[in-house]
Structure formats: C-alpha cells, structure tokens
Chemist: 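Below: one structure in structure tokens.
Per chain, numbering begins at 1; letters A, B, ... match sequence-line order.
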Protein chains: 2
Amino acid sequence: MDKTDKTPLALEAFLPYTLSRAAELVSRRFATIYKDHAGLTRPEWRTLATLGQYGTLTATLIGAHSSMHKTKVSRAVQSLEERKWLRRSTDENDRRIEHLELTREGERNYRKLAELARAFEAGLKDMLGEESFSELNRGLAAVERQLGTDVF
Amino acid sequence: MDKTDKTPLALEAFLPYTLSRAAELVSRRFATIYKDHAGLTRPEWRTLATLGQYGTLTATLIGAHSSMHKTKVSRAVQSLEERKWLRRSTDENDRRIEHLELTREGERNYRKLAELARAFEAGLKDMLGEESFSELNRGLAAVERQLGTDVF
DNA sequence: CTAAATTTGTTTCATATGTAACAATCAAAA
DNA sequence: TTTTGATTGTTACATATGAAACAAATTTAG
C-alpha cells in the first residue's frame, strides 16, 4: 500500500490552523483596545495585567504568569517604567532580583483597561452565544491541561 | 458609584489570552514537524499546504485561503521556488498574475507532511479526548463565523 | 573557603514581520 | 484615446522577536 495519502489536508479544518486563526482574529480586535486607549503593545498590556492581578512580582514571575519570553518582559517593564506606570525596587536579600509594582497611575490605567477587557469579553460571549463560548473555554482548558506543562 | 472595578482581571481565564496561549502551545509543537522534517518556516508550510489542497493558485488567493499577509506569501513563494517545490507561470491574459503550482517534488513533500499533520492532529485528539476536541472545534468555528469576515 | 555552577535580568545580533512605496499591468471613465 | 484609478506582486524600511552572550549576584560542590 501507499506510504502517502492522496487526500489533501483541509487547512480550514486543521486544528493548529483554526486555532491560530481564531487567536489572531480575537487578538487583533482586542489589541485595538489597549492600543487606542493607552498606546500599549501586547507585551506591555500583559505585563500591566499581570501586575494588576498579582500585585508585586519579579520579571521572571511576570513571564511565567503571562507566557512571555524574558526579553519581552524586560522591554515591557522598561517601557512601563518610563511611563511611570510601574516602579522597581531591588530585593534586600538577593540583589539580582527586582520587585515590580504598579504606581498609582499604573493602577488607575490598569483598572480602566481591565474594565474594557471585561466588556470586550462579554461582547464576545454575546456574539458567540453562551453555548459556543463555554465549549470554546472548555476546549482551551483541555489544551492547557495537556500541553501547558511546557516552559512556554 | 465607581467608574472602575476593584476586582482584578484573571488573565489565565481571559479568552484573548487563553486563546493565544493555546494557539502558541499547539503551533510550537506542530512547527517542530515541518521544521525538523522539511526545514520549513510557518509561512512556507502554509503556502505548501494551500497549494497542495487547491492545486494551482495565485499569490493573492494563497493569502486569502491561508490568512497570510501578501509579503509573507511573496517571500514563502520565493523560498519554495528556490527549493524547486513550486513553479510559476504568468497568466496569458493578465500579465500581473502568476499561477503557482507544486512541482513533483513539492507534491511529494506535501503528501509526506500532510500525513504527519493528520497524525499530529489525531494525537491531539487523543490527548484532549473526543469531547473536548469537538467542543474546541465547535467553539473555534463560532469565532470564525462571527469574526471571520475581516480581511485577515 | 574557593571554584564551579546557577540564577536574574539586560543587551547584542540576526531574523521575521508588516506598512508603505513602488513598478507593472489592466480596467474604467471621460 | 487618454488618463485616472484599481490590482498584483515585490521591495525598502522601520519595528518586533528570540537565541545567545553577557554582567552581576547567589548558591552549591569540593
């Protein structure tokens, strides 16, 4: 028998494709929110969101919680620091570590964007319908359970 | 009442994040297949897959079917042409258009990779379980229906 | 205690990406 | 017909990305 199948692969039904396509569609829309309202890049938004959620963190932990490469975190932190949306402070016991936390203005902007983010997600839920929205979330949770143990 | 909510946004349960996270997890794994077995980049794989599925196409159509920016398509086509995996031919009636099709070797490699792709997806289905896999697909289809009319 | 190994975060460098400008060609309008 | 306006695909340029090298600090081994 043949080693190769003649049936072509349908890209529009192939999970790695449909998944990245859907992610791009949603990310592109959501990006307009933090871009238009705050002039943030995606790494900057994620850093802000992670600090807003967890409070004080190190750069390494921000990367772990938001699935970002350490160079992305490093650059986003620099940028947010220049805007005075976050503050650094060196650890007393281990001077390699810097504790990062939002400033008052950082917090204020975080709350504003978090609110817009919730509204965005609610709108998405409406568009997709309760059922599809739940199914999508359950499916994504399954992916996270099975593949999420990777470094990134 | 307050304009802002004090409840932080949980990034790990926020759809734009979980979706792009899952897409990256899956894409990263699948990428090892076309990288290791054929030394292809993602745009190159998608171009190959689209031509393999549809036969002869123009660059614009490849972009439409695979959600790729025209510069990505242009570069991927150049690269695949250099490998002699695809062939160009100018349209008789409209000399702006180039018809692109896989060479015999391109076809051969397409079939091999398509087979590996199917196996990869089957493995994913096993890992996630029938139910989660279906839910994920239905959820992604809903996203495509609602947001898929965008240019990209 | 000293040396080797590890951790943290930054920077360098090469690559990947998309916007915008472009050349070539064709279509539509005047 | 001329000329104005799209369309197709490539290229130039500026930005984004990550691997690898790195400095500084800490930890572990011997």
Chemist: Can you list the residues that meet the salt bridge (charged side-chain N to carboxylate O under 4.0 Å, His left out) rule with A/R95, with sequence neighbours excluded?
Modeler: none
Chemist: If the condition is salt bridge (charged side-chain N to carboxylate O under 4.0 Å, His left out), which residues does B/E107 pass it with, not counting sequence neighbours?
Modeler: B/R111
Chemist: Output the residues of residues 87-99 of chain B in contact with DNA chain C, where contact means a heavy atom of the residue under 4.0 Å from an atom of the strand; sort by number or write none.
Modeler: B/N93, B/D94, B/R95, B/R96
Chemist: Not counting sequence neighbours, which residues clear ring pair (Phe, Tyr, Trp, His ring centres under 6.0 Å) with B/F30? List them please.
Modeler: A/F14, B/Y34, B/W45, B/F120
Chemist: I need the NE2-P distance between B/H69 and D/dC13, as an integer number of Å.
Modeler: 17 Å
Chemist: Output a table of donor-acceptor pairs, distance under 3.5 Å, between side-chain atoms of residues 53-63 of chain B and any protein atom two or more places apart or on a different chain; print 'none' if there are none.
Modeler:
residue	atom	partner	partner atom	Å
B/Q53	OE1	A/L11	N	3.1
B/Q53	NE2	A/E12	OE1	3.1
B/Q53	NE2	A/E12	OE2	3.4
B/Y54	OH	B/H65	ND1	3.4
B/T58	OG1	B/L61	N	3.2

Chemist: Write down the distance between CE (A/M68) and P (D/dA19), rounded to a whole number of angstrom.
Modeler: 15 Å
Chemist: Tell me, which of residues 30-50 of chain A have any heavy atom that sits under 4.0 Å from an atom in DNA chain D?
Modeler: A/P43
Chemist: For the helix from C/dC1-D/dG30 to C/dA30-D/dT1, measure the angle between the helix axis at one end and the axis at the other, each built from five pairs, rounding to 10°.
Modeler: 10°
Chemist: Under a 4.0 Å threshold between the charged nitrogen and the carboxylate oxygen, would A/R108 count as salt-bridged to A/E105?
Modeler: yes
Chemist: What is the distance, rounded to the nearest whole Å, between atom NZ of A/K70 and atom C1' of C/dT6?
Modeler: 12 Å
Chemist: What is the separation between atom CG on B/L100 and atom C1' on D/dT10, rounded to the nearest whole Å?
Modeler: 13 Å
Chemist: State plainly whether the residues B/R118 and B/E115 are in salt-bridge range, i.e. N to O under 4.0 Å.
Modeler: yes
Chemist: Enter the distance from B/Q78:CD to B/L80:CG here, rounded to the nearest 0.5 Å.
Modeler: 10.5 Å
Chemist: Please, which pairs that meet salt bridge (Lys or Arg N to Asp or Glu O under 4.0 Å) have at least one residue in residues 131-146 of chain B, sequence neighbours excluded?
Modeler: A/R21-B/E144, A/E135-B/R138, A/R138-B/E135
Chemist: If you compare all heavy atoms of A/K112 against all heavy atoms of A/H37, which two are closest, and at what distance to 0.1 Å?
Modeler: NZ-O, 3.7 Å
Chemist: By a strict heavy-atom criterion of less than 4.0 Å, which residues belonging to residues 71-85 of chain A are in contact with DNA chain D?
Modeler: A/T71, A/K72, A/R75
Chemist: Between A/W85 and A/A38, which heavy-atom pair has the shortest distance, and what is it?
Modeler: CH2-CB, 4.0 Å
Chemist: Can you name the closest pair of heavy atoms from B/A49 and B/Y110 and give their distance?
Modeler: CA-CE1, 3.7 Å
Chemist: Got a second to check how far B/I97's CD1 is from B/R88's CZ, nearest 0.5 Å?
Modeler: 14.0 Å
Chemist: Listing request: all salt bridge (Lys or Arg N to Asp or Glu O under 4.0 Å) pairs with a residue in residues 38-51 of chain B, at least two apart in sequence or in separate chains.
Modeler: none
Chemist: Can B/T47 and B/L40 be said to form a side-chain contact (heavy atoms from CB on, under 4.5 Å), step by step?
Modeler: CA-CA 10 Å; B/T47 297; B/L40 294 179; over 6 Å; no
Chemist: My understanding is that only residues two or more places apart in sequence, or in another chain, count here; which of them pass ring pair (Phe, Tyr, Trp, His ring centres under 6.0 Å) with A/F133?
Modeler: none
Chemist: Quick one: which protein N/O atoms are closer than 3.5 Å to N/O atoms of nucleotides 1-3 of chain D? Pair and distance per line, please.
Modeler:
none

